[in-house]
Amino acid sequence: MSRTLRDLLDRSFAECASQTAVRVLRPVEGSREWRYEAMSYAELKERRDELAVGLWGRGLVKGKRVGILTDGGSEPLLVFLAADCIGVSAVPLCIKSPDEVLAHSIDHSGVEMLVVDRRGYERFGQLHARLQHAPQLVLTEGEAADALSWDDLVQSGGELPEVAIDPADESKILYTSGSSGLPKGVIQTHANIVANVEEVWDALSQREPFRMFKSVPDYHSMGILNIYYPLAKGWILDLARSPDRVLSDIRLSEPEGFLTVPLILDKVYGNVRKKIEAGGLMGGLLKRAVAAKERLVRGRAGIGDRLFLGTLGGFIIAKIRSELANRVGPNLEILIVGSAKADPEALDFFHEVLDIKTYEGYGTTECAPLIAANHLGGRKSGTVGRPLQEVKIVADDGSELGYGDPGSGEYRSSGERAGELWTSGPNVMRGYLNDTEQTDKVLVAEGDKIWYRTGDLFDIDAEGFLTFRGRVGRQFKLRNGEFVNPEMLERIFARVPLVEHVLVYGDQQRDYPLPLVTVDVEEARKSGVEGLPLDDEAALRVHPSLAERVREGLLAEAQAAGLPSYQRPQRVALLPEPLSEDAGTLTKGLKKVVPKAIVEHYRELVDETYG
């Protein structure tokens, strides 16, 4: 296997020159429609080389950095590949970040050039006055007096320079959102990203070629792997026009696989559960069809199951697949699930009932990003899979509770005890840019190994499968002395169809945990709850009758899960508006819930609901 990112992709350029590498959506002339247009590996290499020559000619030599501030497009991908050739580091930034965060990231990284599209150009104008150092702008569309045009940059001509690049050289700076303060810059090397690609090389599909849809933004570590992995494999990569157009563009892509967050699976499975729980003839038939298919996949189906699936049951399942195909196309074979803990029932429904392989994994930006994953070589529902590099489970006192090493195949169970997950190997970052204090908090030297402390709680079984148990610091103790794992409750409560997002709060002054819920407005309008102001969304979101219906749903799920009484919701706080990236209650791009921001924003509501 190759050791630098340029080596990694040059193999594909040589062996797959005539094959399709990337597809980009373009408007159809004389129409309002959009259509994917293909770019071969030979064409992609040509564009990469042209851009690399242009960057080098503008003074971006080895050791310098180029920033990216766009709302999508193919240009960020080309910048990544071109920078890899000349030893330049790429710094992708989120266009939705606050001015303070963007200005900090630009100044802190010291980028000498910033690639912007029209929207990025406007954002730069809004924060320009905050900058200590303004980089050279490159505008990907149109022209501006204070910016170099993309066409001028790539048409400068010349030969691709020969630059000595080491696997340990910096390749990317990714800014993490962080729980407080300004974001930290994670230094990812060529070796970090190459190791990620190599560790899952044959882990997803044996199909050649395979079409993947790029559903994760460039400024996320998984979004970067979403570029390099399929291109290194010689697969086809379909790009979305922007992060906000993923759901519309994926219908045009009709991919065979893509990365997703658990929320999408939960919603599809939640609709099926809702129909089953409604009962009646259709609910009964749907329940039977799902159960029969699960027994068939698990090798426990009887003759009755097989006959039913060969007739009406098969038709029912095909109809569910057809409804899903309306959203993502008919070709879907694989879903890679990450960014938050998924509901095992939803994963198994896709994997066993719909015959769409679902592989849940776990990672962090500091590991570029993979640490563990389910895949073709092993899958266990409810876990994030086996580790891809060495891990250990560490107790509060520093003792080792469990251990796993995929290289040697040695796995030692932590039993029923959970501890912080530490990991060591080629995926681990070099450190945080210009921040030795924060680096020293998470990177621990033991002998000749560097261990990264994830800050997440896990246990490991004798087969090496890791199970997420929560975030260090998020668990809380109630007044009665009982500990509560809020993330476990959130996964259970999220099954209620009326729930869009749920955060469970509590502390030592409280007698019970409090779910903070944003409702699914469309589900609420169809709920049949009497007296709801259907035309007034703001009033609907906090209506007392809806709050009681939500609480009933949460209690039903709590009972089904066998939760003890102290973990069952006595009250529910309905939030008056949806969570959002702009409000800081969801992370940018992947839209993960930000607990601290939500609690701070709704502190008065929390206190009022507890009474």
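What you see is a predicted model, and the numbers here were worked out from it, not measured in a lab. We count residues from 1, following the sequence as given.
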Task: Exercise: identify the closest heavy-atom pair between L114 and P135 - done: CB-CG, 3.8 Å
Task: side-chain hydrogen bond (donor to acceptor under 3.5 Å, both in side chains) partners of residues 49-62, not counting sequence neighbours, each pair once - done: K45-D49, K62-D169
- [ ] Indicate yes or no: at least one non-hydrogen side-chain atom of V606 is less than 4.5 angstrom from one of L514.
- [x] yes
Open item on the list: Quick check: closest heavy atoms across F476 and D507, and the distance to 0.1 Å?
Closed with: CD1-N, 3.9 Å
- [ ] For the residue pair R65 and E112, establish whether any side-chain heavy-atom pair is separated by less than 4.5 Å.
- [x] no
Task: Heavy-atom closest contact (G338 atom, P262 atom, distance) - done: O-CD, 3.3 Å
Task: CZ (R251) with more than 12 external heavy atoms under 6.0 Å - done: yes
- [ ] State the CG-CG distance between L139 and D146, to the nearest 0.5 angstrom.
- [x] 9.0 Å
Open item on the list: Quick check: do P369 and L225 have side-chain heavy atoms less than 4.5 Å from each other?
Closed with: yes
TODO: Look up atom OG1 in T70 and atom OH in Y219, then write down how far apart they are to the nearest 0.5 Å.
DONE: 10.0 Å
TODO: For S89, check side chain to side chain donor-acceptor pair (under 3.5 Å) against everything at least two apart and list the hits.
DONE: E170
Open item on the list: Test your reading of the model: is there a side-chain donor-acceptor pair from R510 to the backbone of L478, 3.5 Å cut-off?
Closed with: no
TODO: Determine the minimum heavy-atom distance between T260 and L265, stating which atoms define it.
DONE: CG2-CD1, 3.5 Å
- [ ] Start with the C-alpha distance between E199 and N427, add both sets of side-chain angles, then the distance that settles side-chain hydrogen bond (donor to acceptor under 3.5 Å, both in side chains), and finish with yes or no.
- [x] CA-CA 10 Å; E199 286 161 358; N427 300 21; 2.9 Å; yes
Task: Side-chain (Y175) to main-chain (S109) donor-acceptor, under 3.5 angstrom - done: yes
- [ ] Quick one: list whatever passes side-chain contact (heavy atoms from CB on, under 4.5 Å) with D536, sequence neighbours left out.
- [x] P533, A538, A539
Open item on the list: My understanding is that only residues two or more places apart in sequence, or in another chain, count here; which of them pass salt bridge (charged side-chain N to carboxylate O under 4.0 Å, His left out) with E446?
Closed with: K392
Open item on the list: Whether the T140 and E75 side chains hold a donor-acceptor pair (N or O, under 3.5 Å, no angle test) is what I'd like checked.
Closed with: no
Task: Check: K592 side chain, V594 main-chain N or O, donor-acceptor pair, under 3.5 Å - done: no
TODO: Give a yes or no on whether L247 atom CG has more than 12 heavy-atom contacts from other residues, nucleotides or ligands under 6.0 Å away.
DONE: no
Open item on the list: Run the ring-ring contact (aromatic ring centres under 6.0 Å, His included) test against Y229 and tell me which residues pass, sequence neighbours left out.
Closed with: W235
Task: Non-hydrogen side-chain atoms of L237 and F213 separated by less than 4.5 Å - done: no
Task: Presence of salt bridge, D343 and R491, under 4.0 angstrom - done: no
- [ ] Return the minimal non-hydrogen interatomic distance between L574 and V542, and the atom names on each side.
- [x] O-CG1, 3.7 Å
Task: Contacts of type side-chain contact (heavy atoms from CB on, under 4.5 Å), residue T189, not counting sequence neighbours - done: A191, N192, R430
TODO: Look only at the side chain of S424 and the backbone of I450, and say whether a donor-acceptor pair between them is shorter than 3.5 Å.
DONE: yes
Open item on the list: One thing to verify: whether E100 and R130 come together as a salt bridge, which I'm taking to mean a side-chain N less than 4.0 angstrom from a carboxylate O.
Closed with: no
Task: Residues in salt bridge (charged side-chain N to carboxylate O under 4.0 Å, His left out) contact with R541, at least two apart in sequence or another chain - done: E537
Open item on the list: For the CD atom of E490 and the CG atom of L516, what is their distance to the nearest 0.5 Å?
Closed with: 9.0 Å
Task: Pair D456 + R471: basic N to acidic O under 4.0 Å - done: yes
Task: Crowding at CD, E143 (>12 non-hydrogen neighbours, <6.0 Å) - done: no
Task: Test: K172 cationic atom under 6.0 Å from F80 six-membered ring centre, within 45° of axis - done: yes
Task: Separation between CE of M222 and CD1 of I227, rounded to the nearest 0.5 Å - done: 12.0 Å
Open item on the list: Are the side chains of S171 and Q188 in contact, using a 4.5 Å heavy-atom criterion?
Closed with: no
Open item on the list: Measuring only between side-chain heavy atoms, which start at C-beta, is P513 closer than 4.5 Å to Y505?
Closed with: no
Open item on the list: If you count heavy atoms of other groups shown closer than 6.0 angstrom to CG of D607, is the number above 12?
Closed with: yes
Open item on the list: Measuring from atom CG of L137 to atom OG of S149, what distance do you get when rounded to the nearest 0.5 angstrom?
Closed with: 12.5 Å
Open item on the list: Applying side chain to side chain donor-acceptor pair (under 3.5 Å), can you list everything that pairs with S253, at least two apart in sequence or on another chain?
Closed with: D238
Open item on the list: Restricting to salt bridge (charged side-chain N to carboxylate O under 4.0 Å, His left out), what partner residues turn up for D244, sequence neighbours left out?
Closed with: K96
- [ ] Could you tell me the separation between the CG atom of L102 and the CG atom of D107, rounded to the nearest 0.5 Å?
- [x] 11.0 Å
Open item on the list: Please list all pairs meeting ring-ring contact (aromatic ring centres under 6.0 Å, His included) that have one or both residues in residues 576-611, counting only residues at least two apart or in different chains.
Closed with: Y512-Y610
Task: Within-4.5 Å side-chain heavy-atom neighbours: L421 and F468 - done: no
- [ ] Please name all residues satisfying side-chain contact (heavy atoms from CB on, under 4.5 Å) with A21, sequence neighbours left out, ordered by chain then number.
- [x] Y41, L44, L231
Open item on the list: Could you check whether R469 makes a cation-pi contact with F458, meaning its NZ or CZ is under 6.0 Å from the centre of the six-membered ring and within 45° of the ring axis?
Closed with: no
Task: Y432 and E366: CA distance, side-chain angles, deciding distance, side-chain hydrogen bond (donor to acceptor under 3.5 Å, both in side chains) verdict - done: CA-CA 9 Å; Y432 296 119; E366 289 82 353; 2.6 Å; yes
TODO: Report the relative orientation of the aromatic rings in H104 and H108; use parallel for angles under 30°, tilted for 30 to 60°, perpendicular for over 60°.
DONE: parallel
Task: Residues D218, I68; criterion side chain to side chain contact (heavy atoms under 4.5 Å, CB included); working and verdict - done: CA-CA 9 Å; D218 302 307; I68 303 168; 5.7 Å; no
Task: P578 to T518 - nearest heavy-atom pair and separation - done: CA-CG2, 4.3 Å
Open item on the list: Can you confirm if the NZ or CZ of R241 lies within 45° of the ring axis of W34 and under 6.0 Å from the centre of its six-membered ring?
Closed with: yes
Open item on the list: Could you walk me through whether K184 and D435 satisfy the salt bridge (charged side-chain N to carboxylate O under 4.0 Å, His left out) test, starting with their C-alpha distance in whole Å, then the side-chain angles of each, then the deciding distance to 0.1 Å, before giving a yes or no?
Closed with: CA-CA 8 Å; K184 302 182 291 290; D435 197 339; over 6 Å; no
Task: Heavy-atom side-chain contact between Y228 and N196 under 4.5 Å - done: no
- [ ] Check whether any side-chain N or O of R123 sits under 3.5 Å from a backbone N or O of I95 as a donor-acceptor pair, and report yes or no.
- [x] yes
Open item on the list: For R23, I'd like to know if atom CZ has over 12 heavy atoms of other residues, nucleotides or ligands within 6.0 Å.
Closed with: yes
Task: All salt bridge (charged side-chain N to carboxylate O under 4.0 Å, His left out) counterparts of R6, not counting sequence neighbours - done: D10
